[in-house]
Amino acid sequence: MQHKTQLTLSFLLSQVLLLACAEDLECIPGFQQKVFYIEQPFEFTEDQPVLNLVFDDCKGNNKLNFEVSNPDFKVERDGSLVALKNVSEAGRALFVHARSEHAEDMAEILIVGANEKRGALKEIFKIEGNLGIPRQKRAILATPILIPENQRPPFPRSVGKVIRSEGTEGAKFRLSGKGVDQDPKGIFRINEISGDVSVTRALDREAIANYELEVEVTDLSGKVIDGPVRLDISVIDQNDNKPMFKEGPYVGHVMEGSPTGTTVMRMTAFDADDSSTDNALLRYNIIKQTPIKPSPNMFYIDPEKGDIVTVVSPSMLDRETMETPKYELVIGAKDMGGFDVGLTGTATATILIDDKNDHPPEFTKKEFQATVKEGVTGVIVNLTVGDRDDPATGAWRAVYTIINGNPGQSFEIHTNPETNEGMLSVVKPLDYEISAFHTLLIKVENEDPLVPDIAYGPSSTATVQITVKDVNEGPVFHPNPMTVTKQENIPIGSIVLTVNATDPDTLQHQTIRYSVYKDPAGWLEINPTNGTIGTTAILDRESPYVQDNIYTALFLAIDSGNPPATGTGTLHITLEDVNDNVPSLYPTLAKVCDDAKDLRVVVLGASDKDLHPNTDPFKFELSKQSGPEKLWKITKINNTHAQVVLLQNLKKANYNIPISVTDSGKPPLTNNTELKLQVCSCKKSRMDCSATDALHISMTLILLSLFSLFFVQLNLSD
């Protein structure tokens, strides 16, 4: 019925157009077509005609002149619009002004993209106001043609006709455009004599819905004498496409216990046929439901919208009583408004019944037993619960809490994420001697809250009885670590400290023996019975075994158990300093040129291993100098440094300068030492100390040599 309506409309419009054209055959001055539509090419090519404009002032077009709004284009004398150069962008429109002695007019050329389509029948037929027929001489009359798609052979078949009001001997019709001489080529043809238009094969509206062709008239030589005139061909839709579901997979969720009429999801199908016809008017229905329990009609689909809703009572949407929480619906979409003549497409909708927390967790038994050794930590028992809710949700996952019996926070409980069991652990070691038994009260809840009409019952609590087993524990030192302060260098055999260790196993009445575990310097010993620690060597604060004045040793306390248990105690001895180290002098060698002008030879420094006040300020002195003249002197700079100065230039030689340095301890300690001084020859900034005239030694060394010689001679005389 609709197809007949479209054909009737086409026929009526064609008749109206023919009547309008017949009334307009007399000459009207101006452009014979005022508006043109051209498709935007990739580029307008230089000197290639774009289209042909026809201007007629009805008096011979004397002194006719054209002006184009875009300077890159011009209109030739014969009306051809051409580009003056290659143009890739010409804008959306061109305006052409024509003027002759007797008339002037304006034409508009609209440049449209290839994908711009006219969406309404009114626009297809150019019906605007007075039918929108271009002003032209009406020599060619080309009315729109409507052709149903999917026509059956034979082909070619006539679909319309183009007429020319003025007969010219030898004139021929010529048809061009997409579908004729442009891809897809050869679909349409025209009888060049009669103007009959024919189609050569079946059309597919879903591929191309409209064809825009041009008709022109040529003479025998092929020269255009009339036209071009636009010929529109529209393809009438047939119901040749079934609905398709393109957005799958389709998965919906609905909470168990939802009210009747709850919307689950929406199904939407697509039909490639003309959406303005019944060919694409869809209606939905449920073809099959799997499983069919507890009701074969669990859901309903809105036939027009495609919305799937629940139709059973909330009590029937009980996830825990269902055969499976997943339903599969085969949904059909039929065009032609759902009538039997329509085509059908199908898709599967999966609906999942989501769980809500309507079942509290319950312990599998009221009391659990556990045994643990004292002093041990870790998991001691797994508490098991049951829950009928979905294991993949917070309505099933358990949360455990110790609500009584854990004042010292010795226990913790955590949920095993795989089994949902409660893992009860000892986190602080238990002491058998304090308590051999513990009783815990534990409750279990879900991560998600229960629904309002459900509550936790007595089965959501349980008791855990824990028995602590006694083990032989090692003795404990009091305090630990132990600290004591002693002077270094105290006599060997001095008592340092008496340690105290006790056995935690008070019920076993065991004895304790002591021994040395680690004594890095070997300075200490311990009485195995009473724990008295004494010295076996001199305590030296300057020893490398002493760090920051503290010496550290470890001792063991061993009980008489079977097997025996051991405890370790740490002793820190802080050593007080005594003045038992002489200061040292640096440097011990100095060099000077024999012609030096600056006779300050060297700055001496002193250091001491002891601590203040047994160190600086140091006292620097020269021992008695040999010979009648004084050759050098020493001057204090500060508490730790002094300067040696020559009193005159010396000859090239090696000299030993006797120096004493004394610390500030009580009593003070003195270090008598010598500074070796090399007097060298210096030329051209080079110091030569390789050869010396003589070795000048101190008076002390001379006297020692003389005494040695005297004793040798005395022995020889004997």
Side-chain angles (χ1 to χ4, degrees), residues 6-38 51-56 58 79 105 107-110 118 120-147 156-181 187-199 210-220 222-236:
Q6 291 176 333
L7 290 171
T8 302
L9 178 61
S10 175
F11 174 78
L12 291 174
L13 288 171
S14 300
Q15 296 305 308
V16 172
L17 289 169
L18 288 172
L19 290 173
C21 292
E23 295 174 357
D24 200 23
L25 292 176
E26 71 272 17
C27 181
I28 300 175
F31 281 104
Q32 301 306 293
Q33 182 173 334
K34 291 183 177 293
V35 181
F36 297 85
Y37 292 89
I38 62 174
L51 55 80
N52 192 64
L53 300 166
V54 179
F55 178 87
D56 192 354
C58 302
D105 200 0
E108 182 180 8
I109 303 167
L110 300 176
R118 294 163 178 80
L121 188 62
K122 174 182 175 181
E123 187 174 1
I124 293 175
F125 293 119
K126 303 297 183 187
I127 301 175
E128 296 179 6
N130 60 350
L131 297 179
I133 302 169
R135 297 184 65 185
Q136 54 185 335
K137 294 180 71 173
R138 306 299 181 188
I140 302 176
L141 300 177
T143 59
I145 298 173
L146 302 178
I147 306 174
R157 64 168 65 196
S158 178
V159 293
K161 187 172 184 177
V162 177
I163 62 174
R164 186 167 183 264
S165 60
E166 297 177 358
T168 302
E169 186 176 353
K172 297 181 179 181
F173 288 102
R174 184 165 65 193
L175 190 62
S176 62
K178 292 184 178 180
V180 182
D181 54 355
I187 297 178
F188 303 100
R189 64 176 63 163
I190 190 169
N191 186 298
E192 59 184 19
I193 304 300
S194 66
D196 286 328
V197 178
S198 60
V199 63
N210 298 285
Y211 296 87
E212 297 178 0
L213 308 180
E214 288 185 346
V215 181
E216 54 191 10
V217 177
T218 66
D219 58 17
L220 291 175
K223 181 179 179 181
V224 177
I225 60 175
D226 205 350
V229 174
R230 179 165 148 175
L231 173 62
D232 287 318
I233 298 178
S234 298
V235 183
I236 301 174

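- Residues Phe36 and Ala107 come closest through the heavy atom pair CE1-CB, 4.5 Å.
- Lys223 has its side chain out of reach of Thr218: every pair of non-hydrogen atoms, C-beta onward, lies at least 4.5 Å apart.
- Here the side chains of Arg157 and Val199 are in contact, with some heavy-atom distance below 4.5 Å.
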- Task: Could you check Phe188 against Ile147 for side-chain contact (heavy atoms from CB on, under 4.5 Å), going step by step and ending with a plain yes or no?
- Result: CA-CA 12 Å; Phe188 303 100; Ile147 306 174; 3.7 Å; yes
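- Atom CZ of residue Arg164 and atom CD1 of residue Ile140 lie 6.5 Å apart, to the nearest 0.5 angstrom.
- For the atom pair Gln33 CD and Leu53 CG, the distance stands at 9.0 Å (nearest 0.5 Å).
- The two atoms that bring Pro29 and Cys58 nearest to each other are N-SG, 3.6 Å, heavy atoms only.
- Using a 4.5 Å heavy-atom threshold, the side chains of Phe173 and Val217 count as touching.
- If you take CG on Asp226 and CG on Asn52, they are separated by 10.5 Å, rounding to the nearest 0.5 Å.
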- Go through the steps for Val162 and Val197 under the test side-chain contact (heavy atoms from CB on, under 4.5 Å), then give the verdict. CA-CA 7 Å; Val162 177; Val197 178; 4.0 Å; yes
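- Glu214 CD to Leu231 CG: the interatomic distance, rounded to the nearest 0.5 Å, is 10.0 Å.
- Residues Arg174 and Val224 come closest through the heavy atom pair NH2-CG2, 3.4 Å.
- In this structure, OG in Ser234 is found 9.0 Å from CD in Glu212, a value given to the nearest 0.5 Å.
- Distance check, rounded to the nearest 0.5 Å: CG of Leu51 to CD1 of Ile109 gives 4.5 Å.
- The shortest heavy-atom contact between Ala142 and Val229 is CB-CG1, 4.0 Å.
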